[in-house]
Amino acid sequence: MKLSHILLGIIAVGLALTLALHATSSRAENLAKSRTLAGPAAVGMPAPDFRARDENGVEHRLADYRDRLVVLEWTNSNCPFVARHYRKDAMEKLAKKLGAKGVTWLAVNSTHSNTAAETVAWRDSQGFEYPTLQDNDGTLGRLFGARTTPHMFVIGPKGLLRYAGAIDNDPRGRVESPRNYVDEGISSLLAGSTPDPGSTQPYGCSVKYERR
Amino acid sequence: MKRVPDRRFPGITGFAAVLWLIAAFAALPVRAAPDVPEGAFGSGAVQSGNARVEARLLVDQAAIAPGQSVRVGVLFELDRDWHIYWRNPGQSGLPTRLDWKTPGARVGAIRWPAPHVFREADGFITTYGYSDSVLLSSEAHFEARAGETLDLAVDVDFLVCKVQCIPGSIALRRALPVAEQAQAADPATLKAFSEWDARVPVPVEKHGLTADALYSQSAIRPDDRFRAAISLVCEDDSATCSGLRPAMRDSSEAFVPDRVESIELEVTGTRRHPFADGLILTLAGTASSDEHPGEQRLAGVAVLENSNGAPVLIEIDLALPRAAAGTEVVAIDNPWLEPETAPYHAAAVPLWQAFLLALLGGLILNLMPCVLPVLAIKVFGIAERAHEDRREVLSHGAAYTIGILVAMAVLAGVVVGLRAAGTAVGWGFQFQEPIFIAAICGVLLVFALNLFGVFEISAGTGLTSRNAASGLRRSFFEGLLAVVVATPCSAPFLGTAVGFAFASSPPVIFSVFLAIGLGLAAPFVAITLVPGWARLIPKSGAWMLHLRAGLGFALLATVVWLLWVAGRSLGSDGVILLLGFLMLLGVATWIFGAVQETREDGRAPGTALLLSSFALAALAWLPLQPIAAPDANAPASADADGARPFAPAAIAAELALGRPVFVYFTADWCLTCKVNEHVVLTDPRIADELQLHDIATFKADWTLRDEEIRRELARFGRAGVPMYLVYDPRNPSQPKLLPELLTVDLLIDAFRSAGTRAANRS
C-alpha cells in the first residue's frame, strides 16, 4: 500500500464519520425540538396566542376573539374520519348552532401539502362558512399539540384552553347517538361551569405535518 | 399476497424501481400464509383498486375434541409501509378490534404481540401497531359434542395507515368439525401460531422478574406533571432475565404503555438497576385537569432482551395511585426517577459508529500535545532500528500496540469494576486522584532522565536476544505511557464514543476502549509496516543525542503541567511534597545509573528491585490531601467572567426569574476546556453578549471528584468534560448542548437565541 492510499483512506473515513455523526446529532436535536413544542397547550392554561391566515388571506389572531368562545377544528379533507363527519354535515351543523350562541368556529389545516385553492374547493363543495386557517408549516398545529384530524380545542372567553380531544365518543361511527364533547363542553361553559371531561383521546388520521 | 406496484410514485426512477422490486421479491418467501377455506379469507381497505389488508381466520386444530380449548386467531397481512394499530394506538389511529361470534363458545381476550413504535412528523406523533403481518389470537373453549359442526365467525375492524388512513372491516367465517379425537391443523398454521405466540408478552413472574413502580409523588392529582420509574429485577438464577437491556436502539421504545385515562405518559429512557441485576424504565407523565378518583393501572409491554440477546417481552401491570385536586401529596425524590439517557439519545449511536469514532479518535490523539512527546520517543526508537532487521522493527510495533491495548483494557476493566461496585465514574477520573498524578509525574521523570542518559534501560553488551527482549519490554511500556497521558486530551474526539461506552454493557465498553487503543497505535504500526517510511529517518549519529535530550525536556514540560494541575487541588504544600518525591526518585535513578555503569553487562537487577520498591513505598506514604475547601482558593479566572459555582438550585432560581443561564463544565486537567476558556470564553465579545442578554453564568469545576457534576454530565450522555449548556428560561427543561470545541460565533448564536426569546417573553 502506498502512503497516498493510506492518507486518502484516512481522510475518506474521517469525512464519512463526520457526516454520520452530524446526521445522528441533528436527528436527536429534531426530536428534542419537537418534544419541547408538544407542551405549551394544556387544558386549564392560557391557550397559545397565534396569528395565521385563512384560505382568503385574511389574518386571524386569537386575541381578536377575546371575550368569545372559540372552537378550533383540525381538519384534512383527505382523511376518512373528517370526510365521515362532513358527509353527515356534523361539523357544519354544530358550527352553525354554536355560532348562534356567539361561538367562533375556526378550522385549521396543518397538512403540509394543502393549498388555499383546495380548501376553497372543499369549502364550496361542503357548504360551510367558517374560515380554515392555512397552517402548512405546522407551527399552529405543533403549538396546540394537534395530533389527529379531527382534533378539537375549545378556548374559553378569558383565553384559557377548556377542552382538547375528540369531537365525540364515536371513533368508529357506529354509536346511535354519540356524546358530542364540544357541544357538551360549550354548554357547560355557557352555563358557567367547567367542561367534563376536559380532555379526551382524539381519534382519526394523524396530522400530515411537514417534515423538519 | 398480490403486490401491484403502487401507482402513487410518479417520479420513480428506473434504479429505484429495480431496488423496490428486489425488496418486494425478497419479502415474498416469508409470506407463505397458511391456506384457509373460502369464507375464512377476506380483504379490505381498498384504495385505487388495491386491498391494503388481507385477513385469514386461523384455528390451530383441523377438528376439535369436545370440551377442549383451541387457539383461534386472525392473521393480518399488510401492504408494504402500511400499518394497523395495537390495543393502545398511541397519539392517533384506532385499536384493531376482533368481534367473535361463536354461539356455544367462550373466546378469551386477544393475546397482543409486542407492538412496534412508529414515529410520525419527526417524533411529534407516536403510534403503536404492526406492519407487514401480525396474528391476533385468543384461546377459545367450545362446549360441543362429537359429530357436530361449529360455526366460527369474526368481524374484524381496523384502521390501516401509511400516509393516508383507511378504516376497514372484514367478516370472516369457517366451520369446524367436532370429532372424538382432536386433529392438529396443517404445519403452516401451527407455525404461524407458534411464531406469533413467541412474540406475545407474558407477566413478569413468568420471566423470574419482580416489577415495582415508583412515582415522584405519593398520588397523582389533576394537572400534575410527574415522573415514574418501573424497576425490573431478575430474581431467577436461570439467567433468562439476566442482564436485561432495551431491545430497540432507541431506549424510549423499551416500554409501550397502555392508555391511562386522563394521563399522558412518555418514556424517557432506561437505566441499569444500581444494585441488582435488572433495569429501570423511566417515564414522564402529565395528568389532564379532569378528576379521576381512585386508582389506575400503569400497564404496558416492556420490549427487552437478556444478556444472550434473546427477547424478553413482559406484560407490566402496576398500581398508579390518583388523588383529587387540592389533596396534599408527599413528594418523593429518588435518583431512579431521573431520565438518564433519553432526552439526548446518547445511547442511540449504533455500536459500529461508536467503534469507528473511537478508532478515529484514537488516531487523532497522536497529534495531541499530551501524546506527541511519547510518539516522538517512539519514532526516535524506530530511527535507531530503521536500518536494522525489518522483523525486529515489526515486533517493536507489535509490542507497542500490545502495551496500548493492555492499558486500554485495564482502563475499561477499572470502569466496569467501579460501575459494578456501584460508583459511576467519568472519563478522566484518574486525574482526580492526587496519587495518580504523582505516579505519572514519577514515570515521566524517569523516562526523561533515561533520555538524558542518567541510566540506560536497554544498554549493555549482553546477548542479542536478551537485548531485544528488554527493548520490546520498553516498547510495551511506552505503549502504556501513551495511553496514560492521552486521556486529558481526548474529550473533543472521544466524547461521543466514550459517552456511549459508559452507558453500555461491559463487552461494549471493552470494545470501544480497545478501538481507541488501536487508533492510537495505528500511525506507529503504519511506520513499521511500510518499510520505506522508516528508512526516511536519517541514519543514527550525534543528532540523536540532541533529539533525545530535547524529547526529555518535552517530558519534563508535561511534568510541569501536571504539577500545575496538582497544585490547583493540593495547594503549595502538596506541590512541595510532590517535588520532594520526584527529587528522591531522581536521586534513586541516578544511583541506579551509577551502579549500572560499574557492571559489565549493564544490568543492575538487585538495585532496580530495591529502588522501585522504595519508590512505590514513597508514593504510598505521600500524604497528599486535597485542600479542604477549594472555594477558598477559587481561581481568579472564575471570578473574572462572573461565573458562580455550579448549583442546580441557583440555576433553577435564575431560570424562574426569566434569566438565560450558561453553564460550563471544566477541569484543570482538561486541556480542551482550558483552550476553550482562554480562546473563546475570555473573548471580549462574549463578555458583551453575556451582559447584553443578562445571562447568568455557572462554572462546574470537575477537577476534583464531584458526584453532582458527574450525574449532570451523565444526564446529557457525557462521561467527561468539557460540556457547555445554554438554558432558555422559556424552556428550562431543554437546554441547548453545545459541541466540545467552542467558537465565539457558536456561543454568541446560542446566547442570542436564548436571550432574544427571553426578551420577547417579558
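Here the structure is a predicted model, which means the values were calculated and not measured.
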> Tell me, side chain or backbone of B/L159 under 4.5 Å from chain A's heavy atoms, or both, or neither?
Replying inline: side chain
> Which region of B/S169, side chain (C-beta onward) or backbone (N, CA, C, O), has a non-hydrogen atom less than 4.5 Å from a non-hydrogen atom of chain A, or is it both or neither?
Replying inline: side chain
> Out of curiosity, B/L94 CG to A/F81 CZ, how far, rounded to the nearest 0.5 Å?
Replying inline: 4.0 Å
>> Rounded to the nearest 0.5 Å, what separates atom CG in A/N78 from atom SG in B/C165?
In response: 11.0 Å
> Taking atom OG1 of A/T148 and atom CD1 of B/I125, what is their separation to the nearest 0.5 Å?
Replying inline: 8.0 Å
>> Heavy-atom cut-off 4.5 Å, strictly under: side chain, backbone, both or neither for A/R162 against chain B?
In response: neither
>> Between B/P89, B/G93, B/A522, B/C161, who has the most heavy-atom pairs with chain A when the cutoff is under 4.5 Å?
In response: B/G93
> Does B/G90 offer a backbone N or O that forms a donor-acceptor pair with the side chain of A/Q201 under 3.5 Å?
Replying inline: yes
>> Counting only non-hydrogen atoms closer than 4.5 Å, does A/A166 touch chain B with its backbone (N, CA, C, O), its side chain (CB onward), both, or neither?
In response: neither
> Crowded around A/K101 NZ? As in, over 12 foreign heavy atoms under 6.0 Å?
Replying inline: yes
> In terms of heavy-atom proximity below 4.5 Å to chain B, should A/C79 be classed as side chain, backbone, both, or neither?
Replying inline: neither
>> If you apply the rule side chain to side chain contact (heavy atoms under 4.5 Å, CB included), what do you find for B/S288 with A/V43, and how did you get there?
In response: CA-CA 7 Å; B/S288 78; A/V43 173; 5.8 Å; no
